[in-house]
Amino acid sequence: MTDATAPRVLIVEDEPLIALNLEELMVDAGFLVSGIAGRLAKALDMIKLDVCDVALVDANLAGVSSGPAGAALAALGVPYVVLSGYSSAQKNGMFPDAVLFMQKPFDPDLLIEELRKLTARPLAAEANR
């Protein structure tokens with residue numbers, strides 16, 4: 001079980017099995033999954049609600065680029081990791097603000113390590129909460 005102070009992760013993934021696996025991975029690692037969006041419109045709606053501290057974004061959602069979701073996250077200053085079956089070269093700059101691009105299948109331990117770095121909060125910030 002995660003606590004309310006755990007970093008919030010938004011999962012943007014259209015394949016239900018992958019989304020559930022990512023959710024389980026995040027919860028097991030101590031993150032709070034704030035939502036799962038399988039379509040671009042839902043992802044954009046959730047991003048507007050400021051529901052996350054970091055996001056995992058599949059590059060392609062049911063044949064539609066999730067580039068606009070990446071742009072919306074970047075506009076809010078939310079770091080995001082692109083997870084894709086495509087190589088970063090194949091996506092040709094569609095996610096210029098992504099902090100990391102991981103090609104599927106990816107190393108879950110590496111993903112968790114990177115997310116922990118991205119969501120590490122300085123102790124001073126915690127004291128002011």
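Throughout, numbering of the chain's residues begins at 1 and tracks the sequence.
- Considering every non-hydrogen atom in both Y80 and A98, the closest pair reads OH-N, 3.3 Å.
- Looking at S66, its side chain never comes within 3.5 Å of a backbone N or O of V57 through a donor-acceptor pair.
- E15 contributes no side-chain N or O that, together with a main-chain N or O of L17, makes up a donor-acceptor pair within less than 3.5 Å.
- Looking only at distances, no side-chain donor or acceptor of K104 sits under 3.5 Å from a matching main-chain atom of D58.
- Side-chain contact check for V78 versus C52: some heavy-atom pair is nearer than 4.5 Å.
- Nearest heavy atoms, L61 versus L40: CD1-N, 3.7 Å.
- Residues A43 and V12 approach most closely at CB-CG1, 3.9 Å, considering heavy atoms.
- L10 and V64 fall within a single hydrophobic cluster, where Ile, Leu, Val, Met, Phe, Trp and Tyr side chains are chained together by heavy-atom contacts under 4.5 Å.
- Across all their heavy atoms, F95 and S65 have their closest contact at CZ-OG, 4.4 Å.
- Checking side-chain atoms of T119 against main-chain N and O of P7 turns up no donor-acceptor pair under 3.5 Å.
- Between atom CE of residue M26 and atom CG of residue L32 there is a gap of 12.0 Å, rounded to the nearest 0.5 Å.
- For the residue pair A37 and M46, the shortest heavy atom distance occurs at CB-SD, 3.9 Å.
- The nearest pair of heavy atoms linking I47 to A69 is CD1-O, 3.6 Å.
- The residue from V54, D97, D53 that alone fulfils the side chain to side chain contact (heavy atoms under 4.5 Å, CB included) condition with P79 is V54.
- The same ILVMFWY cluster, assembled from side-chain heavy atoms under 4.5 Å apart, contains both I18 and F106.
- Between the side chain of R39 and the main chain of A62, no donor-acceptor pair closer than 3.5 Å is present.
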Show me the donor-acceptor pairs within less than 3.5 Å that the side chains of residues 107-114 make with the rest of the protein, sequence neighbours left out.
residue : atom : partner : partner atom : Å
D107    : OD1  : D109    : N            : 2.9
D107    : OD1  : L110    : N            : 3.4
E114    : OE2  : K117    : NZ           : 3.4

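- Note: E23 CD to L56 CG = 11.5 Å, rounded to the nearest 0.5 Å.
- Between L83 atom CG and L22 atom CG the span is 6.0 Å, to the nearest 0.5 Å.
- The side-chain heavy atoms of L100 and V82, taken from C-beta on, include no pair separated by under 4.5 Å.
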